[in-house]
Amino acid sequence: MQSRYNPAKIEPKWQNVWEKGRIFEVSEDESKPKYYLLEMFPYPSGRIHMGHVRNYTIGDVVARYKKMRGFNVIHPMGWDAFGMPAENAAIKAKSHPATWTYTNIAQMKEQLKQMGFSYDWTRELATCDVSYYRWEQLLFLKMYERGLAYREKAYVNWCATCQTVLANEQVEAGLCWRCSETVEQKEMSQWFLKITDYADELLEYCDRMPGWPERVLIMQRNWIGKSEGALINFPMEDSEEHIQVFTTRQDTVYGATFMSLAVEHPLSLKLCQGKPEEAAVKEFIERTKRIQRSERTSEFFEKEGVFTGAYCRNPMTDERMPIYVANFVLMEYGTGAVMAVPTHDQRDFEFANTYGLPLKVVVNPPGAELDVDGMEEAYEEDGVLTNSGEFSGMGSAEARKAINQYLESTGLGEASIHYRLRDWLISRQRYWGAPIPMIYCDKCGIVPVPEDELPVVLPLDASLTASGGTPLPTLKEFVETTCPECNGGARREVDTMDTFVESSWYFMRYTCPDYQKGPLDRARNDYWMPVDQYIGGIEHAVLHLLYSRFFTKVLRDMGMVGQDEPFTNLLTQGMVCKETLRCPEHGWLAPEDTDEEKPEVYQCRKCGTVAEIGRKEKMSKSKGNVVDPGDLVERYGADTVRLFCLFASPPERDLEWSDRGVEGSARFLNRLWRLVYEERQALQGVTSYDSSHPLEGELRALHRKTHQTIKKVTEDIEQRFHFNTAISAVMELVNAIYQFRSDDNHDPQALPVLRLAVEMALVLISPMIPHIADEMWEVLGHENSVVEEQWPQWDEEAIEEEKQLIVVQVNGKLRNRIYVSPSASNEEIQETALNDERIKTFIGGQPVRKVVVVPGRLVNVVI
RNA sequence: GCGAGAGUGGCGGAAUUGGCAGACGCACUGGACUUAGGAUCCAGCGGGCUAACACCCUUGGGGGUUCGAGUCCCCCCUCUCGCACCA
């Protein structure tokens, strides 16, 4: 053993031992409980970043801990390997996306190995491998058979920068989630997956997943956006036709005084035909259609409308309702037509005031009566119906049910449920993705590729051009094919699938990555699934996590898997942030753009201005505040980096990077190393204390601390993944050991007690810093890896203090501390407290009104 | 606007069930060792007032419940995230 801790030497040594011993390779074993620990797989960008390191370190601690607890732990890793960055990088480097991707995978795999993560690498998969996406193509065909995949012409989100369409989930506030450019609407024929078929189940199970963070469930519920209401038909005044609306406020239908249509609504143009209003309506529609949807749906966008010249009738009151086209009505929600109730909807209220439309109160607040003339805003709450025929006097909730019944019995409408969730658009006009296995035949139309002709292999001889866009349509040998039905000439689909399709089922494929007969081996999948603990970033709260839930349910209905939900417990870790430096003139500054004048004072290298120390921001290249894990590992070793990531904050919170904090972590490892180095000879051949001899004094105290630490670390990991407090508990134990050592102790039990304390410190912290733990474990004479040890159990008896500290308060203020025997009764504790000299002076002879005794904690004397 | 979360020393954070606020670490200060110290060890470290003890104040602000509140309730402020004309 070297006197100095040298991670560069011991870390590769142990990584090698683990790999050779294949200790993280697992197979199904019915004799053990299984535990599936999964972290979100990375996109192979080339180098791992701190976000990966944090995510995977958290996962690794749990995986190692669970293994020590006797679980059969599956802990796989792979690559989310299709996607645009590969195309852009290939154009830039004049290479091929495949070359770029596989080179990156090799580099990143090496980096992950250097971190010492306990992956079962035999299960590795890359989604760009034909061996993976061939099964995805099969799943697509099965979905097509069941009507869950369909092609439709629709207004879709188009990102001009990325040269592709996007799913609704991939548009954030009107911007592309990847490049942040404005998304346009384009009418195109595209492939969709029918996630809306599962809307209700996806929503319902949000209430049955106690292992998920509430805020993720809330985001999913909001995204699905279920609204219960009614479809109501409003007859046209001068024809047999009607306008159908969806409303959640059918209790206000008697107050509907006009109608609003979306500009895209087919009736909008039709109704004004030949009328004097025609020109104005057309102009309005054209003008509105030109405006970006993101702008149209902005809060600040002015609500405008135009009268069509046509009228319909309120089916309940038979009153005449003018029909308007309005810019705030969305064609894609409900029916694209809204019954306007200005008294009970703020938007309609404002619209009615602008255009001088009539108001009619039909819902009163409980115990009050509204007056149309004095109204300054709409009354949107539930209340008691008035002016509503036979429904007057009913409460809103009751009236909604009654009106639904009435609508159904008269044929005027029906109860209805609408969702905000739209079907998942999966076509992408990109090259580096899984081809959609479909063929277009002029004679037979859309024809699926027969299963036995799968896979449709993505041609690798394509060359990308700097202008962007997919080269697939130009590849004759790919596009031109024969129709499986008529054998005539036909064309292949040239779009590829959204890469979120790959990530929707990779976690299931990990259970049987070598399976050749289908996407999933049901037996193996049944053993391992569901994922017991999934760990990843919050940014996938809706996207990946919703799609994966959908896929799991579809595969269940196909009989391929046995679970309703893929992820039992979800942990969303916070971001890794760091302080930023900013020059007023040159913007964000990376450390290499600055000179450090004095400590903590930095100057912009371009202009010499003192840089402002900016706020903590998520690490990103553009802000110049990234820290490269590779550099850190080289400098401090993986264990230090792991330790800092875990120690600096609990997993779900943001982690603030601190170079000094990293030094502190390194210092702790050195301290641990020295402890074992200096005691190695004394402890040689010593057997750990086994509780057979009674202990006194400081020996007893150290042994107690040892068991208290076992308990604290176990509970912190088991109950709440709070590794920061678990680590601080081990630090306390190490401090206690140092204290103990500095006193000469000649008790024959001293070395056994010391050895137990040292070993427990190593075992308890081994999931966090596995390399140094194994090295020191070996120094102490063990032959196996710590991860193959059983997790220790604490002894409640050893934990018990011989003297219990009791805090004594007078009128709630801390006045003294006393010690009592743990077996003391409340009366005895009270008596000791009241007889305490200091307490007596605080009471000062005043009558004691009350004494509160909390055993084991405090006494409060009230005077 | 709606929804969720957060606000504790110079900093990261701890206090798990209402019971000693500030564990652990960083930074800082003093000392020891030393040719040297950016290594290591020891000690101190919320603020006020102190020679020291003692005492007083302190968990964004204000009120309340309670013997007792960082923790529970009400009001307000600030920040972060999500949604946002959804009929």
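Nothing here was measured: the structure is a model prediction, and the numbers come from that model. Order of the sequence lines sets the chain letters (A, B, ...), proteins ahead of strands, with each chain counted from 1.
Of the nucleotides present, B:U80 is the one that pairs with B:A4 by Watson-Crick or G-U wobble criteria, both distances under 3.5 Å. The partner of B:A14 cannot be assigned: no Watson-Crick or G-U wobble pair with both contacts below 3.5 Å exists in any strand. Under the Watson-Crick or G-U wobble criterion, with both distances below 3.5 Å, B:A27 is left unpaired in every strand shown. The base-pairing partner of B:A32, taking Watson-Crick or G-U wobble contacts with both distances under 3.5 Å, is B:U40. Across the strands present, B:G68 finds no partner; the criterion is a Watson-Crick or G-U wobble pair with both atom distances under 3.5 angstrom. Nucleotide B:C86: unpaired (no Watson-Crick or G-U wobble partner with both distances less than 3.5 Å).
Checked for salt-bridge contact, A:Arg221 and A:Glu214 meet the test: a charged N lies under 4.0 Å from a carboxylate O. A salt bridge does not link A:Glu539 to A:Lys618: none of the charged side-chain nitrogens sits closer than 4.0 Å to a carboxylate oxygen.
For the pair A:Tyr547 (side chain) and A:Trp424 (backbone), a donor-acceptor distance under 3.5 Å is absent.
Atom CD1 of A:Ile765 is separated from atom P of B:G25 by 12 Å (rounded to the nearest Å). One atom, CD of A:Glu732, and another, P of B:A15, lie 12 Å apart when rounded to the nearest Å. To the nearest angstrom, C1' of B:C86 lies 18 Å from CZ of A:Arg221. Atom CD1 of A:Ile839 is separated from atom C1' of B:A54 by 14 Å (rounded to the nearest Å).
Contact annotation: A:Asn724 reaches the phosphate of B:A14 (side-chain N/O to OP1 or OP2, under 4.0 Å). Dashed line: the shortest gap from a side-chain N or O of A:Ser227 to OP1 or OP2 of B:A87 is under 4.0 Å. Contact annotation: A:Arg420 reaches the phosphate of B:A84 (side-chain N/O to OP1 or OP2, under 4.0 Å).
Within the cation-pi definition used here (under 6.0 Å to the ring centroid, within 45° of the axis), A:Arg838 does not qualify as a partner of A:Phe842.
No N or O donor and acceptor, one from the side chain of A:Lys616 and one from the base of B:U80, sit under 3.5 Å apart. A donor-acceptor contact under 3.5 Å is not formed by the side chain of A:Lys850 with the base of B:C67.
Remark: A:Val807, A:Gln809, A:Lys813, A:Arg815, A:Arg817 in residues 807-820 of chain A come within less than 4.0 Å of RNA chain B through at least one heavy atom. Contacts between residues 333-343 of chain A and RNA chain B, defined by a heavy-atom separation below 4.0 Å, involve A:Tyr333, A:Val338, listed by number.
The two residues A:Val363 and A:Ser396 come nearest to each other via the heavy atoms CG1-OG, 3.9 Å. Closest of all the heavy-atom pairs between A:Leu733 and A:Ala757 is CD2-O, 3.8 Å. Among all heavy-atom pairs drawn from A:Cys577 and A:Lys616, the shortest one is CB-CB, 4.4 Å.
Checked against B:U16, B:C26, B:C85, the side chain of A:Arg660 finds its nearest nucleotide in B:C26. Taking only side-chain atoms of A:Asn860, from C-beta outward, the nucleotide of B:U16, B:G68, B:A87 with the closest atom is B:G68. The nucleotide whose nearest atom lies closest to any side-chain atom of A:Asn735 is, among B:G25, B:A14, B:A23, B:G25. The side chain of A:Ser728 sits closest to B:A23 out of B:G25, B:A23, B:C11.
Evaluation of the salt bridge (charged side-chain N to carboxylate O under 4.0 Å, His left out) test over residues 719-736 of chain A, restricted to residues two or more places apart or in two chains, returns A:Lys705-A:Glu732, A:Asp716-A:Arg720.
Within 6.0 Å of CZ in A:Arg422 there are more than 12 heavy atoms belonging to other residues, nucleotides or ligands. More than 12 heavy atoms of other residues, nucleotides or ligands lie within 6.0 Å of CD in A:Glu380, so this atom counts as buried by the packing criterion.
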All N/O pairs under 3.5 Å across the protein-nucleotides 77-79 of chain B interface:
none

TODO: Produce a footprint string for nucleotides 5-10 of chain B: one letter per nucleotide, 5' end first; B if the base is under 4.0 Å from any protein heavy atom, S if only the sugar-phosphate is, - if neither.
DONE: ------
Task: Under 4.0 Å protein heavy-atom contact, by nucleotide of nucleotides 32-47 of chain B - B base, S sugar-phosphate only - done: --------SS------
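Between A:Phe351 and A:Phe258, the ring center distance clears the sub-6.0 Å criterion.
Separation of the P atoms belonging to B:G61 and B:G7 is 13 Å when rounded to the nearest angstrom.
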